[in-house]
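Computed from heavy atoms alone, side chains included, the values below leave out hydrogens, waters and symmetry copies. First listed ligand is number 1; within each ligand, the first listed atom is number 1.
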Amino acid sequence: MTTRFDGNFTQQMAIPETAIAAAVEVMRSGRLHRYNVVEGEAGETSLLEQEFAEYVGVPYCLAVASGGYALQTALRALEVAPGDPVLTNGFTLSPVPGSIAAAGARSVFVEMTDGLVIDLEDLEAKCQSSGARVLMLSHMRGHIVDMDALLRITDAAGVAVIEDCAHTMGAHWDGVPSGQHGVVACYSTQTYKHINSGEGGFIVTRDAALMARATLLSGSYMLYERHSTIPSPDVFDKIRLETPNCSGRMDNLRAAILRPQLTDLDDSVAAWNARYDRLEERLANTPGLKLIHRPDKEHYVGSSIQFFLRELVEDDIESFLGACSSRGVELKWFGRAEPIAYTSRYDSWRYVDEQHLPNTDALLAQLFDMRIPLTFSLEDCDVIAGIIVECARARA
Ligand SMILES: *Cc1c(COP(=O)(O)O)cnc(C)c1O
């Protein structure tokens, strides 16, 4: 009898009871807007910003309406102007090129390596050829490039790095939290990320002027003195009337839901990695299947797993995917000419000038991806890996 997996790949954990109680408190108060506080009250959003700033180890943090909004706002706060080139990964999620488009700028895509990170050689060449002064670096699927080597290149070229940490909240490179390396870092608290408020995001930085612009852009209604993780009011004096209000604030209800989840984040990371490592162990040594190398300096969050299947032609891939899916295992394949569901490949974004990344094309043609919700047990991981191995062997 063939085994089948009955779990749901999009089912996340329930919101913790402490978070539900905190959310109910906010609703009872009626004070959902972040600036609607009573005398002496900090407000859930400000408290969350303090806790997140401390978690990442940076002085300034702004909570906003989504991860994509955080990215757009970071670009604007860096004074990227319409028409400017912005370097970014050829393999990432659609809100990344979408945020560049929202700022009126132009995405210049950089190749990836078989470690699923940005290709530093191509980056170095495009820093010169594009004239870009900003790199939006996506730690796509939680794979972190050698940050020391990357910063040597970008520093030499005078390119500022925005880190897209949507998949690296809780991760580190060489002991340094992901999000501390760039000039500014953005996170998402959307349901499929590492903490869940439905929608939401953060911008963190050490740059006072940048944070002042981001705060005004997010729609502070000149109430920025109510924040505790932004620069002092004098930094705002020069720019307060020159910076448009592009509302995208976080509210107290979402912040209340997130605070207990942030407290538990390191436990969640351990739970994800136990599942990731179990899957990796079970998938290892499967003929034709290649796992992604994880460097020693990378402390990852295994909230998804990727692998290459070598030497399969398109028909074989379709039957492999069909076999897995008929047994309840949902895999995403990035090689399809016309994408199904969400898009992660540079040539799917047709509002961007046409570009060619042959190495990325060849890699994505063999790349598979699977979410690892924490609702899966370790035994579920065994069943899933067993199904993938059997289906891969049948095609090899
Ligand atoms: C989810 C995600 C974002 C931000 O997404 P929002 O849905 O706008 O919060 C940014 N980059 C990557 C790689 C993502 O997966």
Side-chain angles (χ1 to χ4, degrees), residues 9-10 12 48 52 61-76 86-103 105 107 109-110 112 115-118 134-145 161-171 178-179 181-182 184-204 214 217-218 246-251 254-255 257-258 261-262 272 292 300-306 332 334 339 341-346 348-349 352 360 364 367 369-373:
F9 281 82
T10 53
Q12 304 299 86
L48 173 67
F52 195 71
C61 173
L62 178 72
V64 294
S66 74
Y69 182 85
L71 293 168
Q72 289 175 33
T73 305
L75 285 166
R76 290 208 174 103
V86 174
L87 295 157
T88 194
N89 306 56
F91 173 53
T92 180
L93 195 72
S94 53
V96 174
S99 69
I100 295 170
S107 291
F109 297 116
V110 182
M112 72 168 185
L116 307 190
V117 296
I118 199 160
V134 174
L135 163 67
M136 184 172 276
L137 174 68
S138 183
H139 302 300
M140 181 61 172
R141 286 303 188 244
H143 296 276
I144 306 178
V145 69
V161 178
I162 300 176
E163 288 185 80
D164 166 22
C165 298
H167 302 169
T168 55
M169 185 190 285
S178 184
H181 299 89
V184 53
C186 300
Y187 301 78
S188 169
T189 64
Q190 189 240 75
T191 296
Y192 300 105
K193 311 300 158 99
H194 297 171
I195 54 177
N196 172 13
S197 58
E199 304 287 354
F202 295 107
I203 301 171
V204 305
L217 284 164
S218 78
C246 307
S247 287
R249 297 165 301 273
M250 179 168 283
D251 58 90
R254 286 178 202 181
I257 292 172
L258 289 171
Q261 296 182 60
L262 182 59
W272 262 307
I292 313 301
Y300 53 84
V301 182
S303 53
S304 68
I305 189 165
Q306 294 73 41
K332 174 96 176 172
F334 294 109
Y342 64 88
T343 58
S344 290
R345 224 174 85 161
Y346 70 97
S348 301
W349 305 316
V352 181
T360 301
L364 292 180
L367 184 65
D369 172 75
M370 192 183 91
R371 281 200 181 111
I372 312 177

Peer 1: Short N or O contacts of ligand 1 with protein, under 3.5 Å, listed by atom name?
Peer 2:
{"residue": "ligand 1", "atom": "7 (O)", "partner": "Q190", "partner atom": "NE2", "Å": "2.9"}
{"residue": "ligand 1", "atom": "8 (O)", "partner": "G68", "partner atom": "N", "Å": "2.7"}
{"residue": "ligand 1", "atom": "9 (O)", "partner": "G67", "partner atom": "N", "Å": "2.9"}
{"residue": "ligand 1", "atom": "9 (O)", "partner": "S188", "partner atom": "OG", "Å": "2.7"}
{"residue": "ligand 1", "atom": "11 (N)", "partner": "D164", "partner atom": "OD1", "Å": "3.3"}
{"residue": "ligand 1", "atom": "11 (N)", "partner": "D164", "partner atom": "OD2", "Å": "2.8"}
{"residue": "ligand 1", "atom": "15 (O)", "partner": "H167", "partner atom": "NE2", "Å": "2.6"}
{"residue": "ligand 1", "atom": "15 (O)", "partner": "K193", "partner atom": "NZ", "Å": "2.9"}

Peer 1: Is there a side chain to side chain donor-acceptor pair (under 3.5 Å) between S138 and T92? Walk through the geometry before answering.
Peer 2: CA-CA 6 Å; S138 183; T92 180; 2.7 Å; yes
Peer 1: Would you say the side chain of S344 lies within less than 4.5 Å of the side chain of M140, judging by non-hydrogen atoms?
Peer 2: yes
Peer 1: Does a side-chain heavy-atom distance below 4.5 Å link H181 with L137?
Peer 2: no
Peer 1: Quiz question: by atom type and distance under 3.5 Å, do the side chains of S107 and T88 form a donor-acceptor pair?
Peer 2: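 S107 vs T88: no donor-acceptor pair found between side chains.
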Peer 1: Report the residues that fulfil salt bridge (charged side-chain N to carboxylate O under 4.0 Å, His left out) with R249, sequence neighbours left out, ordered by chain and then residue number.
Peer 2: none
Peer 1: State, with a plain yes or no, whether a side-chain heavy atom of N196 is found less than 4.5 Å away from one of Q261.
Peer 2: yes
